[in-house]
Amino acid sequence: MTFSKGCHLHLIDGSAFIFRAYHALPPLTRKSDGIPVGAVAGFCNMLFRYVANNSGADAATHVAVIFDFSSKTFRNEIYDQYKANRPELPEDLKPQFPLTREATRAFNIACIETDGYEADDIIASYACRAREAGGRVTIISSDKDLMQLVGDGVEMLDPMKNKRIGRDEVLEKFGVYPERVVDVQALAGDSVDNVPGAPGIGIKTAALLINEFGDLETLLERASEIPQPKRRQVLLEHSEQIRMSKRLVELDCDTPLTETLDELEIQPSDPEKLMHFLNLMEFRTLTKRVADSLGVAPPVPVEPIASLPHAEDTPGGTPPEPERLPFDHARYECIRDAATLARWIDAIQARGHVAVDTETTSLDEMQADLVGISLCVEPGRAAYLPICHREGGGDLFASDKLCDGQMPAEQALAMLKPVLEDPAILKIGQNMKYDAKIFARQRGEGYADGIVVEPYDDTMLMSYAMYSGLHNHGMDELADRYLGHTPIPIKSLLGSGKGATTFDRVPIDEAVKYAAEDADVTLRLWQLFKPKLHQVQVTTVYETLERPLVAVLARMEMAGVLVDRDTLSRMSNAFAQKMAGLEAEIHELAGGSFNVGSPKQLGEILFDRLGLPGGVKGKTGAYATGADVLEDLAAEGAELPARVLDWRQLSKLKSTYTDALQTHIHPETGRVHTSYSITGANTGRIASTDPNLQNIPVRTEEGRRIREAFVAAPGKRLVSLDYSQIELRILAHVADIPALKEAFREGIDIHAMTASQMFNVPLEGMDPSVRRQAKAINFGVIYGISGFGLARNLRIPRAEAQAFIDTYFARFPGIREYMDATVAYAKEHGFVQTLFGRKIHTPEINSRGPTAGFARRAAINAPIQGAAADIIRRAMIRMPAAIEGLPAKMLLQVHDELLFEVAEDAVDTLITRAREVMEAAADPAVRLDVPLVVDAGHGMNWAEAH
DNA sequence: GGGCTCACG
DNA sequence: GACGTACGTGAGCCCG
């Protein structure tokens, strides 16, 4: 039916429904897995009642439920504090949002949300279109912001009071008719949405003024005529703020509409779909009630998995667990045509979630070609969709011909794109960053800008949030530990070493078993982990520190950093020449030729042939020849060790940096694309690999020059921002050390302050070596100080180092108390925690021997290093929104530093915005007692910027 | 593939 | 009384 006169559109404010349901009902969880579903239950009840009551002459002909998509909208551009003081969403509500979308679809009602727009704007736009078409509109909401839309065929219905709101009710509420509501709101402001308005003016006064002057503009123009001095002054002084407030409260009637009015026509309910959803949610009463009203038989309730029989109940084996359902490779399906794929897409939509895994030709996401996609909707029900398998074994004589029986890649991806991007369908992955990057790189008809996987969950990150420190988080490890299952090893398909082939050469039949199994494993892990996140109390960590990082890092990695090959190549040559010279000298001094790069040969030369003192053999029987040993020998005047030190430095720079980096320059982008591992480090730090861009030299002059090869593109600059002393600041906060906190607040040199306190010397004119010792102690404290370690670091006798430590603890007793408390906590709980709730397990804390020492120091360090890692993660996650619209890209993270590439004329703006985000990154979760300070620099290359 | 060495925070 | 120790990473090289 074409929407026209006589039609009646209902627009339901979905978010309001959810919040009302959440607060009206006691917390309720799904029995089988503990997922919170209380708000979903209430939401479904309301939808059911709505559908049941929508009858009679006044019934709706068209209906939609409108949701808010994200918190960032154009209003944040107008005013960055808009809705800034909204409290954080309750943890047990967040996971219910996608389910309410599913619920809406299950009721066969259009479900609408648009990125960057508030539900109110979408409602306004549909209301306007419907009004223009001559139809009637009822907005089902009690949000007063929507009252500006009332009139001329548009009404509101307050679902709480079941009260109709027309023009007269708006007048009653605001003192003006709908068309002047925004004027009143602009003056009165709104504390809930953080709209400032005119200070001291409420709705009453605002209405009075507007009625007197006619409208807001006239009022502001003639504000000087207002008799009351205070009101006059407020209006004159805050006119701009008031105008801005008006722009904030004014609804946008021209948002892009994802569905036409006609598409909102009421559909008869689909009993099967609805029953299936309600049954999955395990809403017994509601399922029955809905079944009765639809006149269908209620479905058999889903059995909690725990009560199903298990196949691997072998005597003497590991005890059978609920998730140990057998893996049956024969049941996996191969998707070879559009009809089959369409069937799978239906199955995915019915559930609202799907486990996804991509198979490609390479582990390097920037080079990998997509070969196939596997999908899994419930344990054991998985499929593989091959799209680019090729004939032959991949050797020199193999053809590049695609195998028969595959869907064209373009067709398959065009069909999958709406699913992968559907806000109501959760995509579940194991290491989703990999798959997201692969999908983002796909190009074709209908997906010219790639495919953006949203929303997603990641089982690897769930494992990391819950079990960091206990084990690694790769699929094989997790499958083995939590599913008691060993997936088919990839090596059995590809082989290893020189003879290894690529996945596109794997016969499709074999690929199905392997690939579908991975999706199956992922889905089962997700079912297991999802409720556990709550039990382990790391949902906030997962949701705020892990999951959002995937998209942020994917963008950084794909952006890459421009590296100048010529610069590196010239440096390589220069290093090679110098090394050759040094090598000749070294051989001369040694009295013969040997491999300078072999620590074993070098040790023999130094201590056996030349008879130098201090040769110490390690556990492997070889002499130690580390830099510290060679430095000691060189200090004694030995020339050979001094030359070897120089040679080693050059060798390192050449092989690891100037040579290896060149091989990482991407042939098409000309840039270097590192890969960040979110779960690589136990403390919450991220790790960079292939290549590691977190250890580019900086400490020596010669090494630092390598950073000159990291350059900005023409017309751009590199900008580096780094946290100053972030770990010591965190220590000052968590250990609660007044002297340290004050020093940071006052901006005093922290190492000098430490020295001054320990050695009773004045800050002014301090001996640099005294400061250096204090600095070493400060670092030592973060690492879980020991006399031995400090002695080695400072090259002083151990007793002296121990005396320093004793003095330090005597002066800052809180530090020792903090350390003792942290170790005690670790011993009791088996983990330590950061300020932000990240858990780092310390399984070896109760060991004996040297292991205990390691574990103890790691436990002391983890909360400090981890909190610093959490803070920069928070900054990175907020950064895209903060720099949106700027010609700037975030490229690299180096633990306490972020590197950006930005257009020349936007350097200052970027620094201002990025610094603001970084310095406020702990807020509002943690109120630090010390300020976070960020230093910034910029230049044509990384050496200049740092 | 383990051990050593060394680059970074 | 001796043991061996600063925390967290990744990569290249040697050598068995």
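Per chain, numbering begins at 1; letters A, B, ... match sequence-line order.
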Give me, pair by pair, the N or O atoms of the protein and of nucleotides 2-5 of chain C that are less than 3.5 Å apart, along with how far apart they are.
residue: C:dT5; atom: O4; partner: A:Arg798; partner atom: NH1; Å: 3.2

Please confirm whether the shortest side-chain N or O distance from [X] to OP1 or OP2 of [N] is below 4.0 Å.
X: A:Ser598; N: C:dC15; answer: yes
X: A:Asn595; N: C:dC14; answer: yes
X: A:Gln865; N: C:dT9; answer: no
X: A:Thr625; N: B:dT5; answer: yes

Next item on the list: Would you mind telling me which of A:His587, A:Arg643, A:Arg648 makes a side-chain contact (heavy atoms from CB on, under 4.5 Å) with A:Val596?
Entry: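 Single side-chain contact (heavy atoms from CB on, under 4.5 Å) partner of A:Val596 among A:His587, A:Arg643, A:Arg648: A:His587.
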
Look at all strands and tell whether [X] reaches a base, only sugar-phosphate, or nothing, counting heavy atoms closer than 4.0 Å.
X: A:Asn695; result: base
X: A:Glu897; result: nothing
X: A:Arg699; result: base
X: A:Ile782; result: nothing
X: A:Gly626; result: sugar-phosphate
X: A:Ile860; result: nothing
X: A:Ala869; result: nothing

Using a strict cut-off of less than 4.0 Å between a Lys/Arg side-chain nitrogen and an Asp/Glu carboxylate oxygen, indicate whether [X] and [Y] qualify as a salt bridge.
X: A:Arg609; Y: A:Glu604; answer: no
X: A:Lys889; Y: A:Glu901; answer: no
X: A:Lys741; Y: A:Asp736; answer: yes
X: A:Arg685; Y: A:Glu727; answer: yes
X: A:Glu944; Y: A:Arg707; answer: no

From [atom1] of [X] over to [atom2] of [N], roughly how many Å is that when rounded to an integer?
X: A:Tyr783; N: C:dT9; atom1: OH; atom2: C1'; value: 11 Å
X: A:Leu728; N: C:dC7; atom1: CG; atom2: P; value: 17 Å
X: A:Glu631; N: B:dC6; atom1: CD; atom2: C1'; value: 12 Å
X: A:Leu892; N: C:dT9; atom1: CG; atom2: C1'; value: 16 Å
X: A:Ile726; N: B:dC8; atom1: CD1; atom2: C1'; value: 17 Å
X: A:Leu661; N: C:dG12; atom1: CG; atom2: C1'; value: 13 Å
X: A:Ile777; N: C:dA6; atom1: CD1; atom2: P; value: 17 Å
X: A:Lys600; N: B:dG2; atom1: NZ; atom2: C1'; value: 15 Å

Next item on the list: Give none if C:dC3 has no partner; otherwise give the nucleotide forming a Watson-Crick or G-U wobble pair with it, both distances under 3.5 Å.
Entry: none

Margin query: Test salt bridge (charged side-chain N to carboxylate O under 4.0 Å, His left out) on A:Arg795 and A:Asp632; report intermediate values, then the result.
Written below: CA-CA 10 Å; A:Arg795 311 282 182 107; A:Asp632 286 345; 2.7 Å; yes

Minimum-distance nucleotide (side-chain atoms of [X] versus [options]):
X: A:Asp690; options: C:dA6, B:dA7, C:dA11; answer: C:dA11
X: A:Pro599; options: B:dT5, B:dC8, C:dG10; answer: B:dT5
X: A:Ala627; options: C:dG8, B:dC6, C:dG10; answer: B:dC6
X: A:Ile785; options: B:dA7, C:dC7, C:dA6; answer: C:dA6
X: A:Ala776; options: C:dA6, B:dA7, C:dG12; answer: C:dA6
X: A:Val698; options: B:dG9, C:dG12, C:dG10; answer: B:dG9
X: A:Ser655; options: C:dA11, C:dC13, B:dG9; answer: C:dC13
X: A:Ala858; options: C:dG8, C:dA11, C:dT9; answer: C:dG8

Next item on the list: Mind running salt bridge (charged side-chain N to carboxylate O under 4.0 Å, His left out) on A:Glu557 and A:Arg671 for me, showing each step along the way?
Entry: CA-CA 10 Å; A:Glu557 294 170 15; A:Arg671 300 169 73 99; over 6 Å; no

Integer angstrom distance from the [atom1] of [N] to that of [M]:
N: B:dG3; M: C:dT5; atom1: P; result: 14 Å
N: C:dA6; M: B:dT5; atom1: P; result: 13 Å
N: C:dA2; M: B:dC6; atom1: P; result: 31 Å

Notebook entry, point to check: Would you call the rings of A:Phe607 and A:Tyr623 parallel, tilted or perpendicular if under 30° counts as parallel and over 60° as perpendicular?
Noted result: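 If you compare the ring of A:Phe607 with that of A:Tyr623, the planes turn out tilted.
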
Checklist line | A:Phe812 ring center near A:Tyr808 ring center (under 6.0 Å) | finding: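 Yes, they do, as the ring centres are separated by less than 6.0 Å.
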
